[in-house]
Amino acid sequence: MLDKLEALYKQFQEDVIKLHKVADVLNLKASLLGKKGALSEILKSLKDATAEQRKTIGVKSNQYKKEIEDLVQNQIKKIEIEEINSKLEKNKIDISLTDSVLEKGLQAAGLHPVSTIQREIEDIFLSMGFDVLDGPHIEDDYHNFEALNIPSDHPARDMQDTFWFKDKKHLLRTHTSTIQVRGMQGRKPPFQFVGPGKVFRNERTDATHEMCFHQLEGMMVGENITVSHLIYFMKTLLKEIFKKDFEIRLRPGFFPFVEPGFELDIRWKKPGKGESKHSGWLELLPCGMVHPNVLKAGGVDTDKYNGFAFGLGLDRLVMVKYGIDDLRHFHSGDLRFISQFKSY
Ligand code: PHE
(Lines give C-alpha, C1' and ligand atoms only; values in the text may rest on other atoms or scores of the structure.)
Protein backbone atom coordinates (compact mmCIF):
# COMPACT_ATOMS: atom_id res chain seq x y z
CA MET A 1 0.00 0.00 0.00
CA LEU A 2 2.92 2.25 0.76
CA ASP A 3 4.21 1.67 -2.77
CA LYS A 4 0.85 2.58 -4.20
CA LEU A 5 0.83 5.78 -2.19
CA GLU A 6 4.32 6.69 -3.36
CA ALA A 7 3.44 5.93 -6.98
CA LEU A 8 0.38 8.18 -6.75
CA TYR A 9 2.43 11.02 -5.34
CA LYS A 10 5.18 10.63 -7.96
CA GLN A 11 2.61 10.63 -10.74
CA PHE A 12 0.98 13.74 -9.28
CA GLN A 13 4.34 15.54 -9.12
CA GLU A 14 4.91 14.85 -12.81
CA ASP A 15 1.40 15.74 -13.93
CA VAL A 16 0.80 18.93 -12.01
CA ILE A 17 3.64 20.91 -13.56
CA LYS A 18 2.32 20.16 -17.05
CA LEU A 19 -0.98 21.95 -16.38
CA HIS A 20 -1.65 25.51 -17.56
CA LYS A 21 -5.14 26.10 -16.26
CA VAL A 22 -6.10 26.65 -12.62
CA ALA A 23 -9.24 24.53 -13.09
CA ASP A 24 -7.16 21.58 -14.33
CA VAL A 25 -4.89 21.82 -11.30
CA LEU A 26 -7.88 21.82 -8.96
CA ASN A 27 -9.39 18.83 -10.77
CA LEU A 28 -6.18 16.89 -10.47
CA LYS A 29 -6.04 17.69 -6.76
CA ALA A 30 -9.63 16.51 -6.35
CA SER A 31 -8.80 13.24 -8.13
CA LEU A 32 -6.40 12.52 -5.27
CA LEU A 33 -7.69 14.32 -2.22
CA GLY A 34 -11.39 14.60 -3.04
CA LYS A 35 -13.95 12.45 -1.24
CA LYS A 36 -13.67 9.76 -3.88
CA GLY A 37 -10.03 10.58 -4.66
CA ALA A 38 -7.32 7.92 -4.97
CA LEU A 39 -5.59 8.91 -1.74
CA SER A 40 -8.83 8.99 0.17
CA GLU A 41 -9.63 5.52 -1.12
CA ILE A 42 -6.31 4.23 0.21
CA LEU A 43 -7.03 5.74 3.59
CA LYS A 44 -10.47 4.14 3.62
CA SER A 45 -8.97 0.72 2.95
CA LEU A 46 -6.81 1.11 6.07
CA LYS A 47 -9.60 -0.29 8.17
CA ASP A 48 -8.46 -3.80 7.13
CA ALA A 49 -4.76 -3.13 7.86
CA THR A 50 -2.73 -3.93 10.98
CA ALA A 51 -2.15 -1.26 13.62
CA GLU A 52 1.48 -0.99 12.57
CA GLN A 53 0.57 -0.48 8.88
CA ARG A 54 -2.08 2.03 9.78
CA LYS A 55 0.45 4.08 11.68
CA THR A 56 3.14 4.27 8.97
CA ILE A 57 0.68 4.76 6.13
CA GLY A 58 -1.26 7.33 8.14
CA VAL A 59 1.85 9.40 8.81
CA LYS A 60 3.05 9.07 5.23
CA SER A 61 -0.29 9.95 3.67
CA ASN A 62 -0.59 13.07 5.82
CA GLN A 63 2.83 14.12 4.69
CA TYR A 64 1.90 13.58 1.02
CA LYS A 65 -1.35 15.42 1.50
CA LYS A 66 0.51 18.47 2.71
CA GLU A 67 3.04 18.26 -0.08
CA ILE A 68 0.26 17.92 -2.67
CA GLU A 69 -1.41 21.03 -1.26
CA ASP A 70 1.86 22.94 -1.53
CA LEU A 71 2.48 21.80 -5.08
CA VAL A 72 -1.07 22.81 -6.04
CA GLN A 73 -0.59 26.31 -4.61
CA ASN A 74 2.79 26.70 -6.34
CA GLN A 75 1.39 25.64 -9.67
CA ILE A 76 -1.60 27.99 -9.37
CA LYS A 77 0.73 30.88 -8.60
CA LYS A 78 2.86 29.98 -11.59
CA ILE A 79 -0.19 29.88 -13.87
CA GLU A 80 -1.40 33.26 -12.63
CA ILE A 81 1.97 34.84 -13.33
CA GLU A 82 2.00 33.24 -16.78
CA GLU A 83 -1.44 34.74 -17.46
CA ILE A 84 -0.40 38.22 -16.36
CA ASN A 85 2.73 38.06 -18.47
CA SER A 86 0.86 36.95 -21.54
CA LYS A 87 -1.71 39.74 -21.05
CA LEU A 88 1.08 42.28 -20.75
CA GLU A 89 2.68 40.88 -23.85
CA LYS A 90 -0.57 41.13 -25.80
CA ASN A 91 -1.44 44.68 -24.70
CA LYS A 92 1.97 46.12 -25.21
CA ILE A 93 1.96 49.88 -25.84
CA ASP A 94 4.75 51.24 -27.91
CA ILE A 95 5.79 54.41 -26.12
CA SER A 96 8.68 55.17 -28.36
CA LEU A 97 7.92 58.03 -30.72
CA THR A 98 9.77 57.35 -33.91
CA ASP A 99 10.54 59.67 -36.77
CA SER A 100 8.09 57.76 -38.93
CA VAL A 101 5.26 58.69 -36.53
CA LEU A 102 6.25 62.31 -36.73
CA GLU A 103 6.37 62.12 -40.50
CA LYS A 104 2.84 60.71 -40.56
CA GLY A 105 1.47 63.94 -39.15
CA LEU A 106 1.96 64.26 -35.38
CA GLN A 107 3.32 67.71 -34.77
CA ALA A 108 4.99 69.37 -31.82
CA ALA A 109 2.43 71.05 -29.56
CA GLY A 110 2.12 74.73 -28.77
CA LEU A 111 0.33 76.86 -26.22
CA HIS A 112 -3.39 77.61 -26.35
CA PRO A 113 -3.98 81.26 -27.31
CA VAL A 114 -5.61 81.86 -23.91
CA SER A 115 -2.44 80.64 -22.16
CA THR A 116 -0.32 82.79 -24.44
CA ILE A 117 -2.29 85.95 -23.74
CA GLN A 118 -2.38 85.16 -20.03
CA ARG A 119 1.43 84.95 -19.96
CA GLU A 120 1.74 88.17 -21.98
CA ILE A 121 -0.50 90.03 -19.55
CA GLU A 122 1.29 88.60 -16.53
CA ASP A 123 4.55 89.93 -17.98
CA ILE A 124 3.03 93.34 -18.63
CA PHE A 125 1.83 93.61 -15.02
CA LEU A 126 5.03 92.19 -13.58
CA SER A 127 6.92 94.94 -15.42
CA MET A 128 4.64 97.49 -13.72
CA GLY A 129 5.40 96.13 -10.23
CA PHE A 130 2.37 93.84 -9.75
CA ASP A 131 2.60 90.38 -8.16
CA VAL A 132 1.00 87.40 -9.95
CA LEU A 133 -1.17 85.30 -7.61
CA ASP A 134 -3.06 82.04 -7.88
CA GLY A 135 -6.18 80.73 -6.15
CA PRO A 136 -8.18 77.48 -5.89
CA HIS A 137 -10.95 76.55 -8.37
CA ILE A 138 -13.02 75.08 -5.55
CA GLU A 139 -13.98 77.87 -3.21
CA ASP A 140 -16.22 78.45 -0.23
CA ASP A 141 -19.12 80.85 0.10
CA TYR A 142 -17.02 83.33 2.07
CA HIS A 143 -14.30 83.88 -0.55
CA ASN A 144 -16.62 83.85 -3.58
CA PHE A 145 -19.44 85.99 -2.17
CA GLU A 146 -19.50 86.97 1.48
CA ALA A 147 -16.11 88.75 1.69
CA LEU A 148 -16.91 90.49 -1.61
CA ASN A 149 -19.87 92.28 -0.07
CA ILE A 150 -22.44 89.80 -1.45
CA PRO A 151 -24.37 88.44 1.57
CA SER A 152 -26.41 85.26 1.13
CA ASP A 153 -29.73 87.10 0.68
CA HIS A 154 -28.36 89.60 -1.84
CA PRO A 155 -29.96 89.50 -5.31
CA ALA A 156 -26.50 90.05 -6.88
CA ARG A 157 -25.91 86.33 -6.34
CA ASP A 158 -28.29 85.75 -9.24
CA MET A 159 -25.85 87.52 -11.58
CA GLN A 160 -23.57 84.49 -11.42
CA ASP A 161 -25.30 81.16 -11.86
CA THR A 162 -23.21 78.90 -9.72
CA PHE A 163 -22.15 75.25 -9.56
CA TRP A 164 -22.61 74.29 -5.91
CA PHE A 165 -21.25 71.15 -4.30
CA LYS A 166 -23.66 68.85 -2.50
CA ASP A 167 -22.63 70.25 0.90
CA LYS A 168 -24.03 73.65 -0.24
CA LYS A 169 -20.92 75.23 1.25
CA HIS A 170 -18.42 74.79 -1.58
CA LEU A 171 -18.65 75.86 -5.19
CA LEU A 172 -16.64 76.23 -8.38
CA ARG A 173 -15.49 79.85 -8.25
CA THR A 174 -17.60 82.08 -10.47
CA HIS A 175 -14.96 84.79 -10.80
CA THR A 176 -11.33 85.47 -10.00
CA SER A 177 -12.38 88.14 -7.50
CA THR A 178 -11.81 85.40 -4.90
CA ILE A 179 -8.11 86.15 -5.46
CA GLN A 180 -8.70 89.71 -4.22
CA VAL A 181 -9.85 88.26 -0.90
CA ARG A 182 -6.95 85.84 -0.62
CA GLY A 183 -4.42 88.39 -1.91
CA MET A 184 -5.29 91.01 0.72
CA GLN A 185 -4.68 88.53 3.53
CA GLY A 186 -1.15 88.95 4.82
CA ARG A 187 -0.38 91.99 2.64
CA LYS A 188 0.13 95.51 3.96
CA PRO A 189 -0.78 98.44 1.64
CA PRO A 190 0.43 99.69 -0.69
CA PHE A 191 0.20 96.52 -2.80
CA GLN A 192 -0.87 95.50 -6.28
CA PHE A 193 -1.38 92.12 -7.84
CA VAL A 194 -3.11 90.27 -10.67
CA GLY A 195 -4.65 86.79 -10.46
CA PRO A 196 -5.46 84.86 -13.64
CA GLY A 197 -7.41 81.61 -13.86
CA LYS A 198 -10.40 79.50 -14.87
CA VAL A 199 -13.85 80.42 -13.64
CA PHE A 200 -17.12 78.47 -13.90
CA ARG A 201 -20.75 79.43 -14.42
CA ASN A 202 -23.87 77.51 -15.20
CA GLU A 203 -24.22 79.18 -18.61
CA ARG A 204 -25.96 78.02 -21.72
CA THR A 205 -23.17 77.69 -24.28
CA ASP A 206 -23.26 79.97 -27.33
CA ALA A 207 -20.84 81.95 -29.48
CA THR A 208 -19.85 84.23 -26.58
CA HIS A 209 -20.64 82.12 -23.48
CA GLU A 210 -19.07 78.99 -22.00
CA MET A 211 -19.52 77.25 -18.66
CA CYS A 212 -15.78 77.47 -18.14
CA PHE A 213 -13.85 80.57 -19.14
CA HIS A 214 -10.85 82.63 -18.07
CA GLN A 215 -10.47 85.87 -16.19
CA LEU A 216 -7.59 87.92 -14.94
CA GLU A 217 -8.30 89.80 -11.76
CA GLY A 218 -6.36 92.89 -10.80
CA MET A 219 -6.21 94.90 -7.60
CA MET A 220 -4.25 97.94 -6.50
CA VAL A 221 -4.51 99.33 -2.97
CA GLY A 222 -2.70 102.38 -1.63
CA GLU A 223 -3.18 105.99 -0.60
CA ASN A 224 -5.31 108.30 -2.74
CA ILE A 225 -5.92 105.88 -5.61
CA THR A 226 -8.35 107.35 -8.15
CA VAL A 227 -10.33 106.34 -11.22
CA SER A 228 -7.65 107.94 -13.38
CA HIS A 229 -5.11 105.42 -12.04
CA LEU A 230 -7.49 102.68 -13.07
CA ILE A 231 -7.90 104.14 -16.56
CA TYR A 232 -4.15 104.59 -16.94
CA PHE A 233 -3.40 100.93 -16.15
CA MET A 234 -6.22 99.63 -18.34
CA LYS A 235 -5.15 101.77 -21.32
CA THR A 236 -1.52 100.73 -20.87
CA LEU A 237 -2.56 97.10 -20.77
CA LEU A 238 -4.61 97.37 -23.97
CA LYS A 239 -1.84 99.26 -25.74
CA GLU A 240 0.75 96.64 -24.82
CA ILE A 241 -1.44 93.78 -26.02
CA PHE A 242 -2.75 95.28 -29.24
CA LYS A 243 0.20 97.55 -29.98
CA LYS A 244 -2.16 100.43 -30.67
CA ASP A 245 -4.26 102.94 -28.76
CA PHE A 246 -7.89 102.07 -28.25
CA GLU A 247 -10.75 104.47 -27.83
CA ILE A 248 -12.40 103.46 -24.55
CA ARG A 249 -15.44 104.50 -22.54
CA LEU A 250 -16.59 103.89 -19.00
CA ARG A 251 -20.22 103.14 -18.31
CA PRO A 252 -21.72 102.69 -14.87
CA GLY A 253 -21.77 98.99 -13.97
CA PHE A 254 -23.03 97.29 -10.84
CA PHE A 255 -20.85 94.90 -8.87
CA PRO A 256 -21.33 94.81 -5.09
CA PHE A 257 -17.58 94.73 -4.47
CA VAL A 258 -16.85 98.06 -6.20
CA GLU A 259 -18.25 101.54 -5.69
CA PRO A 260 -18.41 103.23 -8.10
CA GLY A 261 -18.42 100.33 -10.56
CA PHE A 262 -17.84 100.54 -14.32
CA GLU A 263 -17.96 98.62 -17.53
CA LEU A 264 -14.99 99.57 -19.67
CA ASP A 265 -15.79 99.23 -23.37
CA ILE A 266 -13.46 99.48 -26.36
CA ARG A 267 -14.38 100.59 -29.84
CA TRP A 268 -13.77 97.72 -32.23
CA LYS A 269 -14.71 96.19 -35.55
CA LYS A 270 -16.49 92.86 -35.57
CA PRO A 271 -14.43 90.31 -37.52
CA GLY A 272 -15.30 89.70 -41.16
CA LYS A 273 -18.34 91.95 -41.24
CA GLY A 274 -19.02 95.28 -42.98
CA GLU A 275 -17.30 98.19 -41.24
CA SER A 276 -20.08 100.64 -40.49
CA LYS A 277 -22.86 98.23 -39.57
CA HIS A 278 -20.96 96.02 -37.18
CA SER A 279 -18.39 98.30 -35.65
CA GLY A 280 -19.25 99.33 -32.18
CA TRP A 281 -18.47 99.22 -28.50
CA LEU A 282 -17.36 95.96 -26.97
CA GLU A 283 -17.81 95.34 -23.28
CA LEU A 284 -14.38 94.12 -22.17
CA LEU A 285 -13.46 95.07 -18.67
CA PRO A 286 -15.66 95.31 -15.59
CA CYS A 287 -13.89 97.39 -12.96
CA GLY A 288 -14.28 99.99 -10.24
CA MET A 289 -13.07 101.41 -6.94
CA VAL A 290 -12.93 98.67 -4.30
CA HIS A 291 -15.86 98.82 -1.87
CA PRO A 292 -14.79 99.68 1.71
CA ASN A 293 -16.52 96.51 3.01
CA VAL A 294 -14.23 94.40 0.81
CA LEU A 295 -11.13 96.23 2.02
CA LYS A 296 -12.29 95.83 5.64
CA ALA A 297 -12.81 92.07 5.13
CA GLY A 298 -9.20 92.00 3.89
CA GLY A 299 -7.94 93.80 7.00
CA VAL A 300 -7.18 97.10 5.20
CA ASP A 301 -7.54 100.41 7.10
CA THR A 302 -10.16 102.20 4.99
CA ASP A 303 -9.51 105.60 6.62
CA LYS A 304 -6.08 105.57 5.09
CA TYR A 305 -6.22 103.39 1.99
CA ASN A 306 -8.42 102.76 -1.01
CA GLY A 307 -7.98 101.04 -4.36
CA PHE A 308 -9.26 99.85 -7.69
CA ALA A 309 -10.02 96.38 -9.05
CA PHE A 310 -10.84 94.91 -12.44
CA GLY A 311 -11.77 91.53 -13.89
CA LEU A 312 -10.57 91.06 -17.45
CA GLY A 313 -12.19 88.38 -19.62
CA LEU A 314 -9.23 86.60 -21.23
CA ASP A 315 -11.25 84.58 -23.75
CA ARG A 316 -12.95 87.68 -25.06
CA LEU A 317 -9.62 89.44 -25.36
CA VAL A 318 -8.26 86.57 -27.47
CA MET A 319 -11.37 86.80 -29.67
CA VAL A 320 -10.75 90.49 -30.24
CA LYS A 321 -7.02 90.06 -30.82
CA TYR A 322 -7.33 87.30 -33.43
CA GLY A 323 -10.76 88.13 -34.89
CA ILE A 324 -12.35 84.87 -33.67
CA ASP A 325 -16.12 84.81 -34.04
CA ASP A 326 -17.08 81.85 -31.83
CA LEU A 327 -15.86 81.06 -28.31
CA ARG A 328 -16.76 77.39 -28.75
CA HIS A 329 -13.64 76.87 -30.90
CA PHE A 330 -11.54 77.30 -27.75
CA HIS A 331 -12.48 73.99 -26.14
CA SER A 332 -13.26 72.12 -29.36
CA GLY A 333 -9.90 70.33 -29.50
CA ASP A 334 -9.94 70.93 -33.25
CA LEU A 335 -6.35 70.95 -34.49
CA ARG A 336 -7.27 73.09 -37.49
CA PHE A 337 -8.19 75.85 -35.03
CA ILE A 338 -5.46 75.42 -32.47
CA SER A 339 -2.55 74.94 -34.87
CA GLN A 340 -3.01 78.51 -36.11
CA PHE A 341 -1.65 79.79 -32.80
CA LYS A 342 1.66 78.01 -32.51
CA SER A 343 3.87 79.68 -29.99
CA TYR A 344 6.34 78.08 -27.65
N1 PHE B 1 -15.89 89.63 -10.73
C2 PHE B 1 -16.66 90.36 -11.70
C3 PHE B 1 -17.35 89.36 -12.64
O4 PHE B 1 -16.83 88.30 -12.85
C5 PHE B 1 -15.80 91.29 -12.50
C6 PHE B 1 -15.20 92.41 -11.71
C7 PHE B 1 -13.96 92.29 -11.13
C8 PHE B 1 -15.91 93.61 -11.58
C9 PHE B 1 -13.42 93.33 -10.41
C10 PHE B 1 -15.35 94.65 -10.89
C11 PHE B 1 -14.12 94.51 -10.31
O12 PHE B 1 -18.41 89.61 -13.15
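Worth saying up front: this structure is predicted, and the values here are computed from it rather than measured. Atoms within a ligand are numbered from 1 in the order they appear, just like the ligands themselves. Values reported hereafter were calculated over all heavy atoms of this structure, with side chains retained and with hydrogens, waters and symmetry mates removed.
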Test side-chain contact (heavy atoms from CB on, under 4.5 Å) on Leu32 and Tyr64 and set out the steps. CA-CA 10 Å; Leu32 285 179; Tyr64 284 147; over 6 Å; no

Could you tell me which residues satisfy side chain to side chain contact (heavy atoms under 4.5 Å, CB included) with Leu126, sequence neighbours excluded, listed by chain and number? Asp123, Val132

Would you mind telling me which of Thr174, Asp141, Thr162 makes a side chain to side chain contact (heavy atoms under 4.5 Å, CB included) with Arg157? Asp141

Which ILVMFWY residues can you reach from Phe213 by hopping between side chains whose heavy atoms are under 4.5 Å apart? Val199

Residues two or more places apart in sequence or in another chain: which of them pass side chain to side chain contact (heavy atoms under 4.5 Å, CB included) with Asn224? none

CA sep, side-chain torsions, deciding dist, call: His175, Phe257, ring pair (Phe, Tyr, Trp, His ring centres under 6.0 Å): CA-CA 12 Å; His175 50 183; Phe257 31 95; 5.5 Å; yes

When you pair each N or O of ligand 1 with protein N or O atoms, which pairs come out under 3.5 Å?
from: ligand 1; atom 1: 1 (N); to: His175; atom 2: ND1; distance (Å): 2.9
from: ligand 1; atom 1: 1 (N); to: Ser177; atom 2: OG; distance (Å): 2.8
from: ligand 1; atom 1: 4 (O); to: Arg201; atom 2: NH2; distance (Å): 2.8
from: ligand 1; atom 1: 4 (O); to: Gln215; atom 2: NE2; distance (Å): 2.9

